[in-house]
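Quick one: the structure is below, questions incoming.
Quantities reported herein were computed from a predicted structural model and do not represent experimental measurements. One-based numbering, in listed order, for ligands and for the atoms of each. Because only heavy atoms are used, hydrogens play no part in the values below, and waters and symmetry mates are left out as well, while side chains stay in.
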Amino acid sequence: MRYFVTGKQMKQIDQDTIERIGIPSLVLVERAGLAVADAVEEIITSGHPDLSARDKNKKNVRILIACGTGNNGADGIVVGRILHGRGYEAVVFLGGNPEHETEEHRRQQKIAEALGVTMMRKTEDLSGNWDVIVDAVFGIGLAREITGEWKNILEQLSEIAKRDGAKVVATDTPSGIHSQTGHVMGTALRADLTVTFGYGKTGLFLYPGRNYAGKVRVADVGFSDVSLERVGWDCKSLEESDLADLPVRQSDGNKGTFGKVLVIAGSRGMSGAAYFSALSAYRTGAGLVKVLTVSENRAVIQTQLPEAVVSVYDPDQITAEEHSTDFLREACDWADVIVLGPGLGQEPYVEYLVEAVLEHAYVPMVLDADGLNTVASHPYLTRYFTENIILTPHMGEMARLCSCPISELREDPVQTVKAYSSRYGVTCVMKDASTLIADKDGTVWLNTSGCSAMAKGGSGDVLTGIIAGLLARGMDCDRASAFGVYLHGLAGESGSAKFGENGVLASNLADEIAKLA
Ligand SMILES: NC(=O)C1=CN([C@@H]2O[C@H](COP(=O)(O)OP(=O)(O)OC[C@H]3O[C@@H](n4cnc5c(N)ncnc54)[C@H](OP(=O)(O)O)[C@@H]3O)[C@@H](O)[C@H]2O)[C@@H](O)CC1
Ligand SMILES: Nc1ncnc2c1ncn2[C@@H]1O[C@H](COP(=O)(O)OP(=O)(O)O)[C@@H](O)[C@H]1O
Ligand SMILES: [K+]
């Protein structure tokens with residue numbers, strides 16, 4: 001498990017470390033600079049064939065370290081000094097108003113001067129045929145939109161990096177990226193690698209920040225989890241080692257042991273969504289899957305997925321009259337887990353169907369797609385929400401549920417998803433390129449697996465089935481959601497390795513999940 005923090009929380013952790021624990025600020029700055037210098041040297045000696053060839057003559061390797069006036073800049077001066085000491089042609093550029101420089105910054109300048117490190121303050125032309133540019137302009141202290149001189153400098157560095165083919169290594173955060181939201185604050189410098197200190201910053205894993213950060217490495221520079229516990233964190237994130245926590249399949253289990261999933265999905269002319277959800281629930285390990293759909297879909301589902309039990313209804317018989325939905329009550333009583341919504345459509349009968357299921361279901365339920373759209377257009381249905389419900393909206397559906405534009409949801413996505421789930425006491429999976437999951441207790445999980453291969457029709461239906469399969473295997477709503485999203489992303493990555501990022505189909509995701517879950 002990894003923990004991500006906001007810039008504000010990281011500042012408090014800095015403070016706690018310095019003031020309560022007693023590690024001097026300058027020691028942290030030294031270790032931060034060392035971690036970046038090591039990363040730069042790794043790129044020089046291994047990552048780049050041209051550079052490793054010239055490694056024999058390190059003086060020919062040209063490194064520009066661009067420093068701001070805060071402690072991010074202080075880290076940068078340390079990077080310059082260490083690389084200078086190791087024999088590289090390291091040039092430290094000091095930008096901004098010297099009067100704003102921090103104490104650590106000034107101390108590091110003195111040390112660098114004493115060791116003969118090349119430092120310059122010119123801003124008009126930073127060209128220099130650089131092999132590596134180290135970005136130490138702004139870290140977690142970035143407080144507002146970047147304008148004026150700094151905007152020019154960052155844009156210049158961007159151009160130079162492109163022109164020279166230089167690798168860019170960001171110190172703590174790519175300058176210009178907001179460490180909490182991932183927003184570009186006026187302009188930002190795109191990195192190949194970001195070496196961030198202590199804990200991942202949420203903004204490095206949310207788009208567009210995730211694109212600017214490149215590969216992210218979290219370096220241990222001396223912070224302790226004691227401070228993290230005192231200060232708190234923003235969100236957590238699963239990693240591969242957490243998969244060991246997936247429920248073990250009992251060797252003496254039967255299909256009842258592994259749970260019965262009821263998939264209420266599909267409409268006239270729309271059977272695919274029901275199929276993908278049902279298939280994925282089976283592929284994730286559910287014992288028995290029943291599809292409840294319109295009569296027209298019976299033949300096609302039975303042919304595509306003979307392993308599923310198929311039960312059908314005539315939509316014309318579903319009305320506001322209570323007894324018209326009695327069959328749904330019986331179906332709900334049978335299930336251990338319910339999936340409600342994929343491909344249901346928006347005809348008027350769907351409102352009665354969704355209401356009846358929400359009212360009569362007492363087991364964990366994944367509410368997706370048209371189930372969500374129905375709730376969005378009939379908000380009174382939220383009165384049936386319980387802690388057993390997982391909502392899986394993509395950003396468009398979330399915008400409908402919250403009655404606000406997507407741009408507003410993205411202003412602070414972690415707060416958006418957290419506010420929704422705590423308002424309604426549900427688990428909310430807000431699907432995006434970086435999916436966020438919030439549980440009713442206010443914990444937010446940020447997913448880092450997956451790739452753009454998953455941006456394709458049917459992919460969301462597969463996720464719904466995966467979460468249902470994990471619920472059927474006995475996981476609780478929060479963990480089934482977080483693990484389901486993580487596994488779904490891993491399936492996307494392994495599907496993409498096989499079929500290429502353009503060629504993956506939803507059915508491939510369902511197949512890949514079989515090996516992962
Ligand atoms: N001991 C520690 O504290 C440790 C800190 N560490 C490192 O320090 C970093 C945090 O340092 P920090 O707090 O000094 O902030 P930083 O990111 O350098 O930026 C602040 C400067 O930028 C300026 N500024 C901000 N926004 C601006 C804008 N839009 N446009 C223009 N200027 C703007 C702001 O100016 P001001 O607002 O004062 O005018 C100020 O001068 C952290 O990311 C990590 O790298 C590690 O070494 C571990 C130990
Ligand atoms: N660029 C991306 N990177 C990672 N995951 C993505 C990306 N684009 C989409 N996804 C994932 O793919 C799924 C798409 O779901 P959804 O939009 O509901 O699809 P559908 O309705 O077609 O089934 C979501 O889980 C989403 O997080
Ligand atoms: K930076």
Mind listing the protein N/O/S atoms less than 3.4 Å away from the K ion (ligand 3)? Waters don't count.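 Per the 3.4 Å query on the K ion (ligand 3), atoms found are N72 OD1, D135 O, D135 OD1, F138 O, T171 O, T173 O, S175 OG.
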
Distance filter under 4.0 Å to A32 heavy atoms, resulting ligand 1 atoms: 47 (O)

Just how far is it from atom CD1 of I389 to atom SG of C428, taken to the nearest 0.5 Å? 12.0 Å

Proximity of H394 to ligand 2 by residue part, where a heavy atom lies under 4.0 Å: side chain

For atom 9 (C) of ligand 1, find the nearest protein heavy atom and state the residue, atom name and distance (0.1 Å precision).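 Here the closest protein heavy atom is N72 N, 3.5 Å.
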
How far does CZ of F223 sit from CD1 of I13, to the nearest 0.5 angstrom?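 Output value for this atom pair is 7.5 Å.
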
Is it true that a side-chain atom of Y282 and a backbone atom of V289 form a donor plus acceptor pair closer than 3.5 Å? yes

Side-chain ion pair, K498 and E493, N-O less than 4.0 Å: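 E493 and K498: not salt-bridged.
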
What about C451: any of its N or O atoms under 3.5 Å from an N or O on ligand 2?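 Yes, since at least one N or O of C451 sits under 3.5 Å from an N or O of ligand 2.
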
Is the contact between T435 and ligand 2 made by the side chain, the backbone, both, or neither, using heavy atoms and a 4.0 Å cut-off? side chain

Considering only heavy atoms of I18, which atoms of ligand 1 have at least one such atom less than 4.0 Å away?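 What qualifies from ligand 1 is 1 (N).
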
Please tell me if the side chains of K236 and R2 come closer than 4.5 Å, counting only heavy atoms from C-beta onward.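 Contact flag for K236/R2 side chains = no.
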
What is the nearest protein non-hydrogen atom to atom 17 (O) of ligand 1, stated with its residue, atom name and distance?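 Scanning the protein heavy atoms, the shortest distance from atom 17 (O) of ligand 1 goes to G139 N, 2.6 Å.
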
Could you grab the distance from atom CD1 of I406 to atom CD of E411, nearest 0.5 Å is fine?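 Taking CD1 in I406 and CD in E411, the distance rounds to 13.0 Å.
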
Among K11, K201, R217, find the one that has a salt bridge (Lys or Arg N to Asp or Glu O under 4.0 Å) with D172. K201

Are any of the protein's heavy atoms under 4.0 angstrom from atom 4 (C) of ligand 1, yes or no? yes

Working to the nearest 0.5 angstrom, can you tell me the gap between L509 CG and S507 OG?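 Answer rounded to 0.5 Å: 8.0 Å.
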
Give the numbers and elements of all ligand 1 atoms closer than 4.0 Å to a heavy atom of E145. 29 (N)

Which atoms of ligand 1 sit under 4.0 Å from any heavy atom of I140? 10 (C), 17 (O), 42 (C), 43 (O)

When I437 is tested against each of D478, T427, T443 for side-chain contact (heavy atoms from CB on, under 4.5 Å), which residue passes? T427

Can you report which non-hydrogen protein atom sits closest to atom 42 (C) of ligand 1, along with the distance?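 Ranking protein heavy atoms by distance from atom 42 (C) of ligand 1, first comes D172 OD2, 3.2 Å.
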
Checking the N or O distance criterion of under 3.5 Å, is ligand 1 in contact with K11?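 Yes, there is a polar N/O contact under 3.5 Å.
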
Using heavy atoms and a threshold below 4.0 Å, how should the contact between H488 and ligand 2 be classified: side chain, backbone, both, or neither? side chain

Would you call the rings of F138 and W150 parallel, tilted or perpendicular, taking 30° and 60° as the class edges? perpendicular

For atom 11 (O) of ligand 1, the option (of N71, V221, N97) bearing the nearest heavy atom: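 Result: the heavy atom closest to atom 11 (O) of ligand 1 is in N71.
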
Salt-bridge test for R283 and E512: reply yes if a basic N is under 4.0 Å from a carboxylate O, no otherwise. no

Any A143 heavy atom less than 4.0 Å to ligand 1: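 Contact present.
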
Is the shortest distance from atom 1 (N) of ligand 2 to a protein heavy atom below 4.0 Å? yes

Could an N or O of ligand 2 be found under 3.5 Å from any N or O of D461, whether backbone or side chain? yes

Counting only heavy atoms on the protein side, is anything nearer than 4.0 Å to atom 38 (O) of ligand 1? no

Taking the basic N atoms (NZ, or NE/NH1/NH2) and the acidic carboxylate oxygens, is any pair closer than 4.0 Å for R230 and D16? yes

Is ligand 2 less than 4.0 angstrom away from at least one heavy atom of E397? no

Any idea which atoms of ligand 2 are less than 4.0 Å away from a heavy-atom of A433?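 In order of number, 1 (N), 2 (C), 3 (N), 4 (C), 7 (C).
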
Distance to 0.1 Å, residue and atom name: give those for the protein heavy atom nearest to atom 49 (C) of ligand 1. L28 CB, 3.5 Å

For ligand 2, which atoms, with element, lie under 4.0 Å from some heavy atom of D432?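 The list of qualifying atoms is 26 (C), 27 (O).
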
Distance to 0.1 Å, residue and atom name: give those for the protein heavy atom nearest to atom 9 (C) of ligand 2. A455 CA, 3.7 Å

Does only the side chain of A369 get under 4.0 Å from ligand 2, or the backbone, or both, or neither? Count heavy atoms.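 Neither part.
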
Enter the distance from L436:CG to F205:CZ here, rounded to the nearest 0.5 Å. 12.5 Å

Tell me whether R410 is salt-bridged to D432, with the criterion being a basic N under 4.0 Å from an acidic carboxylate O.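 Here R410 pairs with D432 in a salt bridge, since their nearest N and O are under 4.0 Å apart.
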
Compute the shortest N/O to N/O distance between K431 and ligand 2 and return yes if it is under 3.5 Å, no if not. yes

Distance under 4.0 Å to a non-hydrogen atom of I146: what atoms of ligand 1 satisfy this?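 Taking each heavy atom of I146 in turn, ligand 1 has 29 (N) under 4.0 Å.
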
Could you check whether D192 pairs with K215 (Lys NZ or Arg NE/NH1/NH2 to Asp/Glu carboxylate O, under 4.0 Å)? no

Quick one: side-chain hydrogen bond (donor to acceptor under 3.5 Å, both in side chains) partners of T102, sequence neighbours excluded?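 With neighbours one apart ignored, the set is N71.
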
Between L463 and ligand 2, does any nitrogen or oxygen pair lie at a separation below 3.5 Å?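 No; every N/O pair is 3.5 Å or more apart.
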
N or O pair under 3.5 Å between G73 and ligand 1: no

Tell me whether R121 is salt-bridged to E101, with the criterion being a basic N under 4.0 Å from an acidic carboxylate O.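 The answer is yes: the pair qualifies as a salt bridge.
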
Under 4.0 Å from ligand 1, counting heavy atoms only, is it the side chain of W150, its backbone, both or neither?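 Under 4.0 Å from ligand 1, W150 contributes side-chain atoms alone.
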
Nearest 0.5 angstrom please: L340 CG to L262 CG, how far? 9.0 Å

Element-labelled atoms of ligand 2 that are located less than 4.0 Å from some non-hydrogen atom of G457: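 Reading through ligand 2 atom by atom, the close ones are 22 (O).
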
Heavy atom of the protein closest to atom 34 (C) of ligand 1 (residue, atom name, distance):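 Result: T69 OG1, 4.7 Å.
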
Using a 4.0 Å heavy-atom cut-off, say whether D75 meets ligand 1 through its side chain, its backbone, both or neither. side chain

Candidates V300, T293, I301, V263 - the one meeting side-chain contact (heavy atoms from CB on, under 4.5 Å) with Y275: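 Among the candidates, only I301 passes.
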
Under 4.0 Å between a side-chain nitrogen and a carboxylate oxygen: does that hold for K151 and E145?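 The answer is no: the pair does not qualify as a salt bridge.
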
Given F223, F197, F138, which has its nearest heavy atom closest to atom 30 (N) of ligand 1? F138

